[in-house]
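Remarks on the structure that follows.
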Amino acid sequence: MLEVNNINVYYGPIHAIKDISFEVKTGETVALIGANGAGKSTVLKTMSGLLRSKTGSIVFDGKDIKKAEAHKIVRSGLAQVPEGRRIFLQMTVLENLEMGAYTQKAVSAEELENIFTLFPRLKERRKQIAGTLSGGEQQMLAMGRALMSKPKLLMLDEPSMGLAPLFVEQIFEIIKSLNRAGTTILLVEQNAGKALEIADRAYVLETGEITLSGTGKELSQSDEVRKAYLGG
Amino acid sequence: MVKNKKGVPRLLSYAINTLLFVVFLVILNSLINSGIFSSYYVKILMLIAINIILAVSLNLATGFLGQLPLGHAGFMAVGAYSSAIFMKATTLPNIAAFPIGLILGGIVAAIFGFIIGIPALRLRGDYLAIITLGFGEIIRVVLLNIDSVLGFNFTYGASSLKNIPKTTTVTNAFICVFIVFYIIHTTIKSKHGRAVLSIRENEIAAESCGVNTTYYKTMAFVMSAFFAGVAGSLYAGYVGILNPSGFAFMKSIEILVMVVLGGMGSLIGSAISATVLTVLPELLRSFSEYRMVAYSLLLIVVMIFKPSGLMGTYDFSLSRIIGKSGDKISSLLGGRKEGER
């Protein structure tokens, strides 16, 4: 579904992503793990068109989206849950979800119902101003909002960041069930243990380069990964 | 995307609003014709209308789009001068020339808005403020000196553009206010308006929802400039004489103060504060040297006790009030509809 070949991304003179290639097949959950500053978010931002790669190609659903504008990429079915949630704080929960369906012709009641089944908490709070939600609820809202655009591929940027362990557990459960329901997922995480648990395949990113790849299981048992990310 | 929230059909609510507006105009005109309102009041009324348009148009860029442009007087000046030069040159009867002049003023200002918006909107916050501030000053200086560059009289620079036909009346000024309100209100309540609001809330999130942020930022900015140009045209037809010094930096600040005082993101707030800030200095005339002190004190007091402005983001809506009482009645009857928000 998503094929990334030899991309190079720069922040001014800084070479942030060095010749990375990876792929996400339809129906998979793929995790991109790595330490702070490894370039995980940069990769996602490049996928969603917020940053540009100087070389290579990003083929999504048969089309090269490397040069497409961000808002057009969303229309083609590639949705991103940005890092740090970034919901519309002054709008209500429902309005946030409606914004998610911005690329659709109309807000689909069915989709909204799906999201409310997935996140019952959001239904309870649908008239509440989004800024008054807790961190975990905001993460749920950000995910719900991205799902409103009916994406083929959902990219999640650090969904567990700054959340209580209980919420982290919940969020990962939801990601799992989303994937079972047919959404392909590209997950960027620092919480390598959790990410490898649910990922079909994973890539390890170190200072802008992919150093390891394999199935979630393989990687969680690999010595290198255990030492570097899973605490021995 | 957003259906009319409460029970009142949209067409009906527009009809009611139009009717109320016509009644307002009739009352205003009869007050003027009967001589209860002297020509002094008439002048203040026109100024109120112009200031309302300025404040509401700036609110579009400030309150709804969330940017801080400081060159609004520049757009007003561009509109005023283009319409004034047209009005002086044209041989059309005033009734035909007036709307053309208004729209011309708006369009020229919008073009300038577009030209300045493309580079300026890539920046945010303080940087955008500085760029637009610079732009406002450039406009003023150009208007002041362009004649000597061109070699013939065009804007008449510091000696003022005189004998502009005084075509602005209370009636046509308030009709403009009504139309501007109508257009901005419907835009804000539409899908496009929601896109603009989402940019204010969080630009990256808006982009990740598929909003073309560059397009909507430019659209809101150009619209804001257009209406400032319209207000400028009205102003030209109101004073009959234009001098670049009237469009200096302080004028932009004055408009911004109206927006902030009224509440960023509240159209009715802008209208109220534009009215108050136009009338207040006139009321305080008898205190002469103290009036700027009172004016400043008002601002300080409001900012301390109500930093979101007089109205916050609240917008007055008849249908909401009717809808609320309608809800009460239906809940009394036990017929509360579920699923309505």
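Atoms considered below: every heavy atom in the structure, side chains included; atoms not considered: hydrogens, waters and symmetry mates. Sequence lines set the chain letters: A, B, ... in the order given, protein chains first and strands last, and positions in each chain run from 1.
Between chain B and the residues A:Arg75, A:Gln80, A:Arg145, the largest count of heavy-atom pairs under 4.5 Å involves A:Arg145. Most heavy-atom pairs under 4.5 Å with chain A: of the set B:Ile204, B:Asn202, B:Leu197, this distinction falls to B:Asn202.
There is a side-chain donor-acceptor pair under 3.5 Å between B:Asn59 and B:Ser270. For the residue pair A:Ser53 / A:Asn8, no side-chain donor-acceptor distance below 3.5 Å is found, with atom types taken as modelled. Side-chain contact, A:Ser57 with A:Asp64: no donor N or O sits under 3.5 Å from an acceptor N or O.
Every residue was checked against the side chain to side chain donor-acceptor pair (under 3.5 Å) condition with B:Thr18, not counting sequence neighbours, and none meets it.
In this structure, chain B has no heavy atom under 4.5 Å from any part of A:Leu78.
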